[in-house]
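Numbering starts at 1 and runs along the sequence shown.
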Amino acid sequence: MIVGLGEWGLHYRTIEEHCRIAKDFGLSYLELGIGGDFPGRIQRDIGQGEIDELLSCISDYGIKAPFVVLESDFTLEDAEDVRRQKERAAHDIQLAARFGATHVRLFTGFELAANMTEQRWTRMIEAFAELNALCLEHGIVISIETHGRNTPVHNGFIHEHTTSTEWNCLNRLLRELPPEVGFNFDPGNLKAVDPSRPLADYAKLLGSRINYCHLKDWKRTGDYWVACAPGDDDLNYGELLPHIPFQGVYLIEYEQVGDVVEGIGRSLNYLRSICPELRTS
């Protein structure tokens, strides 16, 4: 099992800080992000000089960063809004290619699964077909994150089913998406949106289509969930990992910005305790 460092949680720190933290933990793989007004994200209007500087920085730290997270919502009601989402995603994919990306993380979108019409569904599938064709030109694969709709409550979130978490929708996605399109399997997200279904069921369902994986957990507090590290709550990765048919780099995604370095450390300690053969390069 190879472990790297996810981007979310570090998004308020510069990319050089991401690299420094990864190196301090002995990690060789890093996830980058594009878009959003965060100092830790690559800006969409970045020039070639800045790209070269970032690539040199990442290389100087001995880090590889082939995984890039993008923002997208193809479940919006208005067709013109979806068109703009596709246009932005296409721009970001081409930018990710300039950074040497091999995988881009996308969302299906955040409309509730129960509200999806056939028209919305068709537009969503068409969006992935178009973007997949673009990715193939650049040697990149798409990874759809299993992610619900998250509504902020106090210091956490309420999670509700979207097309990338609801069981029947996942089955339909597997049938209708281009076969090259895979999934970013995020067990923590799936636990929070549906604690009743065994996570091993999702791993078996997605099977060989899993081409990306985030490692985190969520702790229930009253009627909402707070993100935490693997090992901080009851998601038993020791039992789950044998069911995940994925041989790539697993990315720790510790989301709490206030103690992100400590949280990454706890995550690594826990993962080493259940996987003595864990590697960081």
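- A distance-only check finds no donor-acceptor pair linking the side chain of Arg272 to the backbone of Glu277 [under 3.5 Å].
- Using modelled atom types, no side-chain atom of Glu130 and backbone atom of Ala127 make a donor-acceptor pair closer than 3.5 Å.
- Each of Phe185, Phe183, Phe110 was evaluated against His147; a single residue qualifies, Phe110, per the ring pair (Phe, Tyr, Trp, His ring centres under 6.0 Å) test.
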**Message:** With side chain to side chain contact (heavy atoms under 4.5 Å, CB included) as the criterion, how do Cys19 and Leu30 come out once you've worked through the C-alpha distance, each side chain's angles and the decisive distance to 0.1 Å?
**Reply:** CA-CA 7 Å; Cys19 293; Leu30 191 65; 3.9 Å; yes
**Message:** Walk me through whether Trp8 and Val69 qualify under side chain to side chain contact (heavy atoms under 4.5 Å, CB included).
**Reply:** CA-CA 9 Å; Trp8 196 249; Val69 296; over 6 Å; no
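- Donor-acceptor pairing under 3.5 Å is lacking for the side chains of His161 and Glu166.
- The two residues Val249 and Val3 have their closest heavy-atom pair at CG1-C, 4.1 Å.
- Under the 3.5 Å distance criterion, the side-chain polar atoms of His18 are matched with a main-chain donor or acceptor of Leu10.
- Looking only at atom types and distance, the side chain of Glu176 has a donor-acceptor partner in the side chain of Trp121 under 3.5 Å away.
- Contact detail for Ser208 and Pro245: the closest heavy-atom pair is N-CG, 4.2 Å.
- Between Phe25 and Leu5 the shortest side-chain heavy-atom distance does not fall below 4.5 Å.
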**Item:** Residue pair Val104, Phe67: steps toward the side chain to side chain contact (heavy atoms under 4.5 Å, CB included) verdict
**Value:** CA-CA 6 Å; Val104 291; Phe67 317 109; over 6 Å; no
**Request:** Tell me, with the steps shown, if Tyr212 and Glu31 meet side chain to side chain donor-acceptor pair (under 3.5 Å).
**Result:** CA-CA 11 Å; Tyr212 206 109; Glu31 181 182 61; 2.5 Å; yes
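- Under the 4.5 Å side-chain criterion, counting only non-hydrogen atoms from C-beta, Leu215 is not in contact with Leu251.
- For the pair Glu7 and Arg41, the salt-bridge criterion is met [side-chain N within less than 4.0 Å of a carboxylate O].
- Taking both residues in full, the closest heavy atoms of Arg123 and Glu77 are given as NH2-O, 2.6 Å, listed atom of the first, atom of the second, then distance.
- Of the possible donor and acceptor atoms, one in the side chain of Glu50 sits under 3.5 Å from a partner among the backbone N and O of Gly47.
- The pair Asp217-Lys191 meets the salt-bridge criterion, with a side-chain N (NZ, NE, NH1 or NH2) lying under 4.0 Å from an Asp/Glu carboxylate O.
- Of the possible donor and acceptor atoms, one in the side chain of Arg279 sits under 3.5 Å from a partner among the backbone N and O of Ser281.
- Smallest separation of non-hydrogen atoms from Asp186 and Asn189: OD1-N, 3.0 Å.
- Here Leu170 contributes atom CG and Arg175 contributes atom CZ; the two are 11.0 Å apart, rounded to the nearest 0.5 Å.
- What you find for His243 and Ala203 is that their closest heavy atoms are O-CB, 3.5 Å.
- Residues Phe157 and Thr151 have side chains not in contact (no heavy-atom distance under 4.5 Å, counting atoms from C-beta outward).
- No side-chain donor-acceptor contact under 3.5 Å links Arg44 to the backbone of Gly35.
- Looking only at distances, no side-chain donor or acceptor of Arg13 sits under 3.5 Å from a matching main-chain atom of Pro39.
- Side chains of His103 and Asn211: a donor-acceptor N/O pair is absent below 3.5 angstrom, by distance only.
- Donor-acceptor pairing under 3.5 Å is lacking for the side chains of Trp167 and Asp201.
- Judged purely by atom type and a 3.5 angstrom limit, Thr117 uses its side chain to pair as donor or acceptor with the backbone of Arg120.
- For the atom pair OG1 of Thr162 and CG of Asn115, the computed distance is 11.5 Å after rounding to the nearest 0.5 Å.
- With no hydrogens or angles considered, a side-chain donor-acceptor pair links Glu16 and Tyr61 at under 3.5 Å.
- Under the 3.5 Å distance criterion, the side-chain polar atoms of Thr122 are matched with a main-chain donor or acceptor of Glu118.
- Residues Leu54 and Ile46 meet the side-chain proximity criterion, which asks for heavy atoms closer than 4.5 Å.
- Proximity of a side-chain donor or acceptor of Ser59 to a complementary backbone N or O of Ser56 within less than 3.5 Å is not detected.
- Put simply, the side chain of Phe99 does not reach to within 4.5 Å of the side chain of Ile34, judged on heavy atoms.
- Side-chain contact between Pro195 and Arg220: present, with at least one pair of heavy atoms (C-beta onward) separated by less than 4.5 Å.
- Looking at Gln85, Glu111, Met124 one by one, the single match for side chain to side chain contact (heavy atoms under 4.5 Å, CB included) with Asp73 turns out to be Gln85.
- Among Glu262, Lys216, Arg266, the single residue meeting the side chain to side chain donor-acceptor pair (under 3.5 Å) criterion with Tyr254 is Arg266.
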**Request:** Start with the C-alpha distance between Trp218 and His159, add both sets of side-chain angles, then the distance that settles ring pair (Phe, Tyr, Trp, His ring centres under 6.0 Å), and finish with yes or no.
**Result:** CA-CA 10 Å; Trp218 289 86; His159 293 245; 4.4 Å; yes
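- When side chains are defined from C-beta on, Leu131 counts as touching Ile142, because their heavy atoms get closer than 4.5 Å.
- Here the shortest heavy-atom pairing between Leu76 and Val82 reads O-CG2, 3.5 Å.
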**Item:** CA sep, side-chain torsions, deciding dist, call: Arg84, Glu87, salt bridge (charged side-chain N to carboxylate O under 4.0 Å, His left out)
**Value:** CA-CA 5 Å; Arg84 284 192 287 265; Glu87 187 176 79; over 6 Å; no
**Request:** List the steps, then state whether side chain to side chain contact (heavy atoms under 4.5 Å, CB included) holds for Leu240 with Tyr202.
**Result:** CA-CA 10 Å; Leu240 177 61; Tyr202 286 107; over 6 Å; no
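- Within the 4.5 Å cutoff, side-chain heavy atoms of Leu173 are placed close to those of Thr108.
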